[in-house]
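Notes for the one structure printed next.
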Amino acid sequence: MTRSQKLLIASGLALAIWGMAYGLYYALFDEHQTLDRMGAALATSFARAAERKMPEARAALQTYAETKFEYVREVDVHSHWIGLAMLLIVLGVVFDHLAFEERRRVMVALGLIVGSIVFPLGVILQTVNRGLGPQALAVIGSALVILSLGAITLGLARKGAG
Amino acid sequence: MMGNSETLARAGLSSGDGAFAAWSARRLLIIGGIGLIAGGMIFGDIFAVFILHQNAARISEALLAAAHAVGAQDAHGVLDHFAAIGRFLEHRGTKVDTHAHMIAFGYLALLLALVQPYVALDERRKKQMATLFLTGAIVLPVSVFLIYYVGLAYSPLETIGWASIFADLGGLLVIIACLGQLIGLWRYVRRGRSVETRAASLLEWSWSSRALLVGGTLLVLLGFLYGGYYAAVDLYAHEAGDVATLRTIIERAAANDMVEAERAVNAYGLLQADQAVKIAAHAHIIEFGLLAMLLAFVQPYVFLSERWRRRWVVVLLIGSVILPVFVFLEIKWGLVAGGIADVGGLLVIIALLGMLVGVLRYTGRLDAEGGEVR
């Protein structure tokens with residue numbers, strides 16, 4: 001097994017376990033509560049509107065919007081970390097078939113690993129900081145994943161029928 | 001071009017080799033993995049045809065009824081309608097989760113089958129880990145499916161029912177099995193075991209494997225590019241539109257302007273549908289890409305002629321493109337696109353079953369040669 005393969009497979013397994021542990025924690029301690037809060041906020045918003053208490057209705061709608069913003073990202077992070085982890089492992093097994101020298105393969109592997117960690121991290125950080133920092137982190141992470149995947153597709157296609 | 005027998009011989013996977021022996025970890029994981037993926041996809045197709053659209057229509061009707069209750073100043077009525085919406089959402093959400101988790105665990109099972117040569121554990125322990133993994137991979141989706149029906153009946157907890165508890169238990173079993181694999185990999189790396197030849201031969205560089213590998217990577221890349229586009233252009237617009245439309249419903253209904261309120265409810269339904277199909281297109285193209293890549297490694301175990309293996313590969317790749325593209329077009333083309341997308345899904349299922357038959361034929365041949373047929 002080459003160095004790039006070891007890097008990808010070990011990182012992939014670690015990321016999969018991390019993603020699943022996060023999912024288990026989220027399902028046990030946060031998901032149900034978040035869903036209840038989201039549903040209750042929307043129902044409260046409509047109920048207050050029925051009572052013609054419009055400022056309260058708007059405040060409840062705002063709570064719904066913020067809770068949904070968090071929920072979407074929390075679920076996205078779980079699925080993206082695990083999905084990317086699987087990609088790392090699969091590519092790890094096949095990485096010696098890339099038509100690049102090992103030094104370049106290690107660089108591509110590192111780009112994919114860093115992107116796979118940083119992209120979902122940027123997404124989840126948006127729930128605590130709505131500033132540009134987490135968004136920039138997510139964009140950089142996804143760009144790294146896309147560029148690395150482009151290089152890998154090229155490397156596999158160039159390998160041809162050899 | 002290498003034939004099946006030649007590939008198997010080169011891989012050292014002939015009869016008697018422990019790597020794919022009867023009830024070995026790798027065999028359990030490959031058959032279990034393909035079975036989980038095919039089962040998850042069949043479940044997804046049934047869900048899409050019989051539940052998804054009907055459920056969306058019921059949610060829309062309940063939201064409209066809630067808007068009317070706002071107009072009639074009936075706060076209790078509003079809460080009743082939202083309770084109904086909550087039930088519809090749970091109905092849909094648990095089905096989506098069942099579908100997604102079955103397929104994801106199927107992928108993970110295939111992945112673990114791939115890395116078995118690098119897992120430095122004895123075969124008995126590997127088999128235990130594979131069994132534990134598959135048990136968790138079945139318990140979790142089945143329990144998630146039951147959440148809607150079991151609810152909080154006899155539950156010792158306030159918000160979590162027995163089905164959720166069992167689903168979490170299933171997840172825990174999967175995590176323990178993966179940790180076991182990680183320990184095995186760590187031991188392999190530390191020992192520097194000399195299984196390079198067998199590990200390297202996992203991938204036969206045949207036309208079928210190459211097409212699946214390159215096609216799969218390309219699909220994943222396209223999925224990521226589209227996901228990036230969606231996040232940049234649509235995600236925040238959808239979130240803003242979601243709240244703005246709900247605000248319009250509330251304010252128009254409170255002003256007894258029911259025509260505008262109803263229009264906003266319809267717009268809300270369309271917005272939700274637009275969001276759902278775009279996310280589904282993104283998710284499915286990446287999932288099919290991963291599936292194609294994983295199946296590239298299974299090709300040495302598909303005991304079919306090269307012509308048939310190519311056929312299944314082509315069918316799988318065509319279905320993998322059709323489904324996400326036509327899911328994306330559902331908003332513009334309606335049910336016609338939905339029907340074509342379902343056909344795409346069916347093509348993938350047929351190709352998967354074709355490959356599964358090939359794997360079963362291979363196991364039968366191996367067992368017969370090794371005298372394991374009873």
Side-chain angles (χ1 to χ4, degrees), chain A residues 1 6 9-10 12-14 16-17 20-21 23-24 27-28 32-33 35-36 39-40 42-43 45-52 54 57-58 61-62 64-65 68-69 72 79 82-83 86-87 89-94 96-97 138-139 142-143 145-146 149-150 152-153 156-157 159-162, chain B residues 66 69-70 72-75 77-79 82 86 89 100 104 107-108 111 114-115 118 159-160 164 167-168 171-172 174-175 178-179 181-182 185 189 196 199-200 202-203 205 207 210 213-214 217-218 220-221 224-225 227-228 231 239 242-243 246-247 250-251 253-254 286 290 293-294 296-297:
Chain A
M1 206 194 284
K6 283 179 191 168
I9 292 176
L13 271 168
I17 289 168
M20 280 191 273
L24 185 66
L28 276 175
H32 295 280
Q33 293 85 332
L35 282 171
D36 285 346
L42 190 57
S45 172
F46 272 67
R48 294 293 163 269
E51 293 163 356
R52 300 298 183 262
M54 294 314 286
R58 288 188 198 105
L61 190 61
Q62 190 55 36
Y64 160 79
K68 192 173 181 187
F69 182 91
V72 166
S79 56
I82 293 179
M86 288 203 284
L87 193 63
I89 300 170
V90 177
L91 289 171
V93 179
V94 77
D96 56 337
H97 284 275
V139 169
S142 58
V145 171
I146 289 169
L149 275 176
I152 292 164
T153 313
L156 286 172
K159 172 81 174 174
Chain B
V70 169
Q73 301 193 23
D74 177 10
V78 164
L79 295 178
F82 268 96
L89 285 174
Y107 290 170
L108 204 48
L111 268 180
L114 286 183
V115 298
Y118 303 122
T159 51
I160 303 173
S164 294
D168 291 336
L172 187 65
V174 169
I175 289 174
C178 287
L179 278 172
Q181 305 287 345
L182 195 63
L185 280 169
V189 172
E196 299 292 330
L202 270 174
L203 183 72
W205 203 241
W207 185 93
R210 275 203 333 270
L213 207 54
V214 176
T217 316
L218 206 57
V220 173
L221 179 59
F224 261 93
L225 284 169
E239 286 179 335
D242 184 74
V243 179
L246 285 169
R247 189 177 295 127
I250 292 166
E251 290 181 351
I286 290 180
L290 257 179
M293 291 165 80
L294 285 169
F297 298 96

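By convention in this document, chain letters (A, B, ...) are assigned in the order of the sequence lines, proteins followed by strands, and residues within each chain are numbered from 1. Only a predicted model underlies this, so the values are computations on that prediction, with no experimental measurement involved.
The choice from A/Ser142, A/Ser45, A/Gly39 that makes the most heavy-atom pairs within less than 4.5 Å of chain B is A/Ser45. Your options are B/Ile286, B/Leu172, B/Val214, B/Leu294, and the one with the most heavy-atom pairs under 4.5 Å with chain A is B/Val214. Counting heavy-atom pairs under 4.5 Å between each of A/His32, A/Gln33, A/Met86 and chain B puts A/Met86 at the top. Most heavy-atom pairs under 4.5 Å with chain B: of the set A/Leu42, A/Ile152, A/Val139, this distinction falls to A/Leu42.
Contacts between B/Val78 and chain A at a heavy-atom distance below 4.5 Å involve the side chain alone, from C-beta outward. Neither the backbone nor the side chain of A/Ile82 has a heavy atom closer than 4.5 Å to any heavy atom of chain B. Only the backbone of B/Ala69 comes within contact range of chain A, with at least one heavy atom under 4.5 Å from a heavy atom of that chain. Of the atoms belonging to B/Glu239, it is side-chain heavy atoms, and not backbone ones, that fall under 4.5 Å from chain A. Heavy atoms of B/Leu246 lying under 4.5 Å from chain A belong to its backbone as well as its side chain. Only the side chain of B/Leu290 comes within less than 4.5 Å of a heavy atom of chain A; its backbone N, CA, C and O stay farther away. Only the side chain of A/Val145 has a heavy atom closer than 4.5 Å to any heavy atom of chain B. With a threshold of 4.5 angstrom between heavy atoms, A/Phe69 approaches chain B through its backbone and through its side chain. Looking at B/Ala253, the atoms closer than 4.5 Å to chain A (heavy atoms on both sides) all sit in the backbone: N, CA, C or O. Of the two parts of B/Asp168, the backbone and the side chain both hold a non-hydrogen atom closer than 4.5 Å to a non-hydrogen atom of chain A. With a 4.5 angstrom heavy-atom cutoff, A/Met20 touches chain B via backbone and side-chain atoms both. In this structure, the portions of A/Thr153 lying under 4.5 Å from any heavy atom of chain B include both its backbone and its side chain. Proximity to chain B (any heavy atom under 4.5 Å) is shown, for A/Ile146, by both the backbone and the side chain.
The distance from the OH atom of B/Tyr118 to the CG atom of A/Leu13 is 12.5 Å, given to the nearest 0.5 Å. Taking CD1 from B/Ile250 and CG from A/Leu61, the interatomic distance works out to 4.5 Å, rounded to the nearest 0.5 Å. Of the inter-residue distances, the one linking B/Gln181 atom CD with A/Ile17 atom CD1 reads 9.0 Å to the nearest 0.5 angstrom. Taken from CG in A/Leu91 to CG in B/Leu213, the straight-line distance is 8.0 Å, to the nearest 0.5 Å.
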So B/Leu114 and A/Ile89, side-chain contact (heavy atoms from CB on, under 4.5 Å) or not? Walk me through it.
CA-CA 9 Å; B/Leu114 286 183; A/Ile89 300 170; over 6 Å; no
What's the verdict on side-chain contact (heavy atoms from CB on, under 4.5 Å) for B/Val70 and A/Arg52, showing C-alpha distance, side-chain angles and the deciding distance?
CA-CA 9 Å; B/Val70 169; A/Arg52 300 298 183 262; 4.1 Å; yes
Can A/Lys68 and B/Val243 be said to form a side-chain contact (heavy atoms from CB on, under 4.5 Å), step by step?
CA-CA 10 Å; A/Lys68 192 173 181 187; B/Val243 179; over 6 Å; no
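Closest approach of B/Ala254 to A/Met54, counting heavy atoms only: CB-SD, 3.8 Å. Across all their heavy atoms, A/Ala47 and B/Leu79 have their closest contact at CB-CD2, 4.2 Å.
No side-chain heavy atom of B/Tyr107 sits less than 4.5 Å from a side-chain heavy atom of A/Val90.
Although no hydrogens or angles enter the test, the distance criterion places no donor-acceptor pair under 3.5 Å between the side chain of B/Arg247 and the main chain of A/Arg58.
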